[in-house]
Amino acid sequence: MSSPPQVLAERFRVALGNAFGPELADVDPVIRPSQFADFQANVALPLAKRLGSKPRDVAARLVESLGLSDITQPPEISGPGFINLTLRPEWLADQVRTLARDPRLGVPTEPSQVVPIDYSAPNVAKEMHVGHLRTTVVGDALARTLEHLGHRVVRQNHVGDWGTPFGMLVEHLLDVGEHSEEAELLVTSPNDFYQAGRAKFDGDEEFAARARRRVVALQAHEPETMRVWRELLELSKSYFHSIYTLLDVTLTDADLAGESSYNDELAQICDELEAAGIATVSEGALCVFLDGFTGREGKPVPLIIRKSDGGYGYGTTDLATIRHRVRDLRADRVLYVIGAPQSLHLQMVWATARKAGWLDDDVEVVHVQIGNVLGADGKILRTRSGGPIKLRSLLEEGVDKAGQVLAQSRPELSPQDREAIALHVGIGAIKYADLSVSHDSEYTFDFERMLSLTGNTGPYLQYAAARIRSILRKAGSPVGDADVVLTEEAERLLARTLLGFGDVVTQVGVTLEPHRLCGYLFELAQAFTTFYESCPVLKADDDSTRASRLVLCSVTLDVLVVGLGLLGITAPEQM
RNA sequence: GCCCCCGUAGCUCAGCUGGACAGAGCGACAGACUUCUAAUCUGUUGGUCGCAGGUUCGAGUCCUGCCGGGGGCGCCA
């Protein structure tokens, strides 16, 4: 089904053609939300110049040609030439009824694209921290949203599973014993494992020497070393699993596309680039120099693809990665949901890939820049002692705090129920806080704010859904396909808001900005709450009003649940 | 030095790709519970949109230059 702005735009297209000729039919009617009506069309203003007449006259001619009487009240021209459009309640009601029957709730199915999304990317044998939280949560929301729009999303979890530290880690794992309690730390508290290895490396010459030899063995793919390395990965996978499960993130083992998976291609990448004259040796390293990339003192910035010691860095891996996504996955659009500081690096990788012919112009690559998460002091979030905060403890704290609030406000619920709700509320609050501000801006982490039941928070939206569920439970009979009648202003506003869902989801697919969906859902929850306050549902004056309002409740719940679902947030049955 | 991001109400943030007087939430102040979950609501308060030019009928939004904050800029990813 089409959204109101879409329907209006189509009518304007016809009117523009009739009034000013077919060549102007496709001018954007510039339909926008209005503070004086439901929508306003601003097209008369830019058109006036083109036609050489006054904006108000253009608007008047347009209104004459406009066949809208079935949809809107008579359009009004105001100000310099705005056309104000107020939807007829009957038409709105009809649209809501159609929405109620639409399993997609107004969300279109777009022509399917293949969209690899690079997100999360934790490191093997390291604890995830708040930095990973944001890319994981935003990336997952984008994956869910694009999938819902009909695209084929290929999740790519580019985990850090290769490099010199792994010599030390393998050696340490062998030292402590593969099935020891120490080894189990990789699953429960990876940083402790890493730091124990690190401490030994720094303090024990003999171990350090062994670790360095192990790096060589690893790079030579020596079988026993590789076996232990794989064991390291397995343990880390369990750790990732536990976090992803707790976070309710869709990533699975099948999505792992770690750095090591490109090992076999790195030499060839270098050879090919060197043969093509794209890469040249400088100071012993094989580098790509690109026009337009200059650093200090105007010196060209290199993308180093082979270090002077013969090793490969992440630049080479990233080239193999983009090639794989385009050539093997046949991507139409590639998303990198990673930290903002990597911007320059990505630009260089892409430019190199384009030069090498691995990245066609018709493939869109986007860096969804993730801003830092800050503490109350405005600095990157850390523990009081200055160390990075473990993601797991952060999540557990959120769930814990949500549980405390519930214990106070809903003492009548069983501890089991409260625990289940606290999980959804705590995790939902943290995820929503991450999603509701634009992904590229830094944001301040504040439990109190994100767990608040008022304001633009996860719990507020969940609460709205829980109240609707409570009504529907008490309604007894299922919500039928009743006529919708909009008499109260609160009903009108709720109806109009509901009809905007599809457009917002579409927009998120284009701009890759989940915070727009958050803003919409907040608006919807507010519209519902206002309706809830002023329009009794179960105690409505008559049966038809009751039935109509039940439809409104039901559709609102559907949109909230689906919308939150696209964000990766669950709406609990009760709160 | 060059490049990227940011600067909007006391605080945290929006601002729908250029449209009418700049919006929310929190905070503060004043109200609303025999009512479907009062953890929810209503109202009031509050801003030279960092500064100065420019483009435009119209600029928080686009361009240029400053000021201020963050980040990046050759062998860590």
Side-chain angles (χ1 to χ4, degrees), chain A residues 30 32-36 40 42 45-46 48-49 54-55 78-82 84 121 123 160 162-165 259 282-287 292-309 311-315 317-318 339-345 347 369 371-372 378 405-406 408-410 436-438 440-444 446 448-449 451-457 459-460 463-464 466-475 500 503-504 507 510-511 513 515-516 518-520 522-523 525-526 528-530 532-540 549 553 574-575:
Chain A
V30 199
R32 298 281 185 270
S34 174
Q35 48 196 317
F36 303 107
Q40 61 184 49
N42 302 334
L45 286 84
K49 186 158 198 183
K54 292 178 182 170
S78 73
F82 302 109
N84 290 342
N123 292 309
W162 199 255
T164 48
E259 294 169 347
S282 164
E283 296 175 29
L286 188 59
C287 304
F293 292 95
T294 53
R296 291 196 185 85
E297 296 142 30
K299 276 164 76 176
V301 179
L303 179 70
I304 294 175
I305 58 174
R306 192 177 60 218
K307 298 186 284 184
S308 51
D309 67 2
Y312 306 104
Y314 71 134
T317 313
D318 286 343
Q342 304 231 30
S343 175
L344 176 65
H345 171 72
Q347 297 299 330
Q369 301 198 12
N372 286 326
V405 176
L406 273 158
Q408 204 183 359
S409 59
R410 300 297 304 272
S436 59
V437 297
S438 38
D440 60 339
S441 72
E442 298 184 326
Y443 93 95
T444 312
D446 181 347
E448 197 182 333
R449 190 175 18 245
L451 282 167
S452 166
L453 231 357
T454 56
N456 190 7
T457 67
Y460 180 81
Y463 188 56
R467 292 167 96 182
I468 298 174
R469 286 189 155 133
S470 174
I471 290 177
L472 296 181
R473 271 195 300 271
K474 287 183 177 159
D503 283 349
V504 170
Q507 212 176 17
V510 174
T511 62
E513 294 172 331
H515 79 274
R516 290 173 188 270
C518 295
Y520 166 81
F522 176 53
E523 210 177 297
Q526 278 184 311
F528 172 75
T529 305
T530 305
Y532 182 90
E533 293 289 324
S534 59
C535 303
V537 179
L538 300 177
K539 296 172 184 171
R549 287 180 180 168
C553 284
Q574 53 178 341
M575 273 178 77

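Any value given below was found using the heavy atoms of this structure, including those in side chains, with hydrogens, waters and symmetry copies removed. Convention: sequence-line order gives letters A, B, ...; per-chain numbering from 1.
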Polar side-chain contact A/S436-B/A14 base: donor and acceptor under 3.5 Å: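 Answer is no: no donor-acceptor pair is held.
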Side-chain-base donor-acceptor pair under 3.5 Å for A/Q35 and B/C21: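 A donor-acceptor contact between them is present.
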Spacing between A/Y532 atom OH and B/C36 atom P, to the nearest angstrom: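 Distance, rounded to whole Å: 7 Å.
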Rounded distance (Å) that lies between atom C1' of B/U37 and atom OH of A/Y460: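 It is 14 Å, rounded to the nearest whole Å.
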Which part of the nucleic acid, if any, lies within contact of [X], taking any heavy atom under 4.0 Å across all strands shown: a base, the sugar-phosphate backbone alone, or nothing?
{"X": "A/T444", "value": "sugar-phosphate"}
{"X": "A/L406", "value": "base"}
{"X": "A/T530", "value": "sugar-phosphate"}
{"X": "A/V504", "value": "nothing"}
{"X": "A/D318", "value": "nothing"}

Qualifying residues under side-chain hydrogen bond (donor to acceptor under 3.5 Å, both in side chains), relative to [X], sequence neighbours excluded:
{"X": "A/R306", "result": "none"}
{"X": "A/S438", "result": "none"}
{"X": "A/E513", "result": "A/T511, A/R516"}

Syn-anti status, with the boundary at 90° from 0, for the nucleotide B/U61: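 Anti conformation for B/U61.
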Is_stacked (A/Y463, B/A39) at 5.5 Å, 30 deg: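 Stacking between A/Y463 and B/A39: absent.
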Contact check, side chains of A/K474 and A/S470, non-hydrogen atoms, under 4.5 Å: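 Contact flag for A/K474/A/S470 side chains = yes.
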Side chains of A/R549 and A/I471 in contact at under 4.5 Å (non-hydrogen atoms):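 When only atoms from C-beta onward are counted, A/I471 and A/R549 do not touch, as no gap falls below 4.5 Å.
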Results of side-chain contact (heavy atoms from CB on, under 4.5 Å) for A/A48 - residues two or more places apart only: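 Counting only residues at least two positions away or on another chain, A/A48 forms a side-chain contact (heavy atoms from CB on, under 4.5 Å) with A/P55, A/V58.
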Non-neighbouring partners of A/Y463 that pass side-chain contact (heavy atoms from CB on, under 4.5 Å), sequence neighbours left out: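 Counting only residues at least two positions away or on another chain, A/Y463 forms a side-chain contact (heavy atoms from CB on, under 4.5 Å) with A/L453, A/R467, A/M575.
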Spacing of the [atom1] atoms in [M] and [N] (rounded, Å):
{"N": "B/A28", "M": "B/A59", "atom1": "C1'", "result": "33 Å"}
{"N": "B/G72", "M": "B/C62", "atom1": "C1'", "result": "26 Å"}
{"N": "B/G68", "M": "B/A32", "atom1": "C1'", "result": "45 Å"}
{"N": "B/G27", "M": "B/A39", "atom1": "P", "result": "16 Å"}
{"N": "B/A9", "M": "B/C49", "atom1": "P", "result": "10 Å"}
{"N": "B/C41", "M": "B/U61", "atom1": "C1'", "result": "34 Å"}
{"N": "B/U17", "M": "B/G60", "atom1": "C1'", "result": "13 Å"}
{"N": "B/C11", "M": "B/G47", "atom1": "P", "result": "13 Å"}

Sugar-phosphate or base contact per nucleotide [nucleotides 69-77 of chain B; S, B, -; heavy atom under 4.0 Å]: -SSSBBB-B
Footprint string (nucleotides 29-34 of chain B, 5' to 3'): B base within contact, S backbone only, - free, heavy atoms under 4.0 Å: ------
Check: A/Q574 main-chain N/O paired with A/R469 side-chain donor or acceptor under 3.5 Å: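 No; zero donor-acceptor contacts below 3.5 Å.
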Check: A/S436/A/N456 side-chain N/O donor and acceptor closer than 3.5 Å: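 Judged by distance alone, the side chains do not pair up.
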Residues in salt bridge (Lys or Arg N to Asp or Glu O under 4.0 Å) contact with A/R296, at least two apart in sequence or another chain: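 For A/R296 there are no salt bridge (Lys or Arg N to Asp or Glu O under 4.0 Å) partners, ignoring immediate neighbours.
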Counterpart residues, salt bridge (Lys or Arg N to Asp or Glu O under 4.0 Å), relative to A/R449 (two or more places apart):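 If we apply the salt bridge (Lys or Arg N to Asp or Glu O under 4.0 Å) test to A/R449, skipping adjacent residues, the hits are A/D446.
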All N/O contacts under 3.5 Å from nucleotides 57-59 of chain B to the protein, with atom names and distances to one decimal?
{"from": "B/C57", "atom 1": "OP1", "to": "A/K49", "atom 2": "NZ", "distance (Å)": "2.2"}

Minimal non-hydrogen separation, A/T454 against A/Y460, with atom names: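 That closest heavy-atom pairing would be CA-CD1, 4.1 Å.
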Would you tabulate the pairs of protein nitrogen or oxygen atoms and nucleotide nitrogen or oxygen atoms of nucleotides 24-27 of chain B closer than 3.5 angstrom?
{"from": "B/C26", "atom 1": "OP1", "to": "A/T454", "atom 2": "OG1", "distance (Å)": "3.3"}

Pairing pattern in dot-bracket form [Watson-Crick, G-U; both distances under 3.5 Å; | = partner strand] for RNA chain B: (((((((..((((.....[...))))(((((.........)))))....(((((..]....))))))))))))....
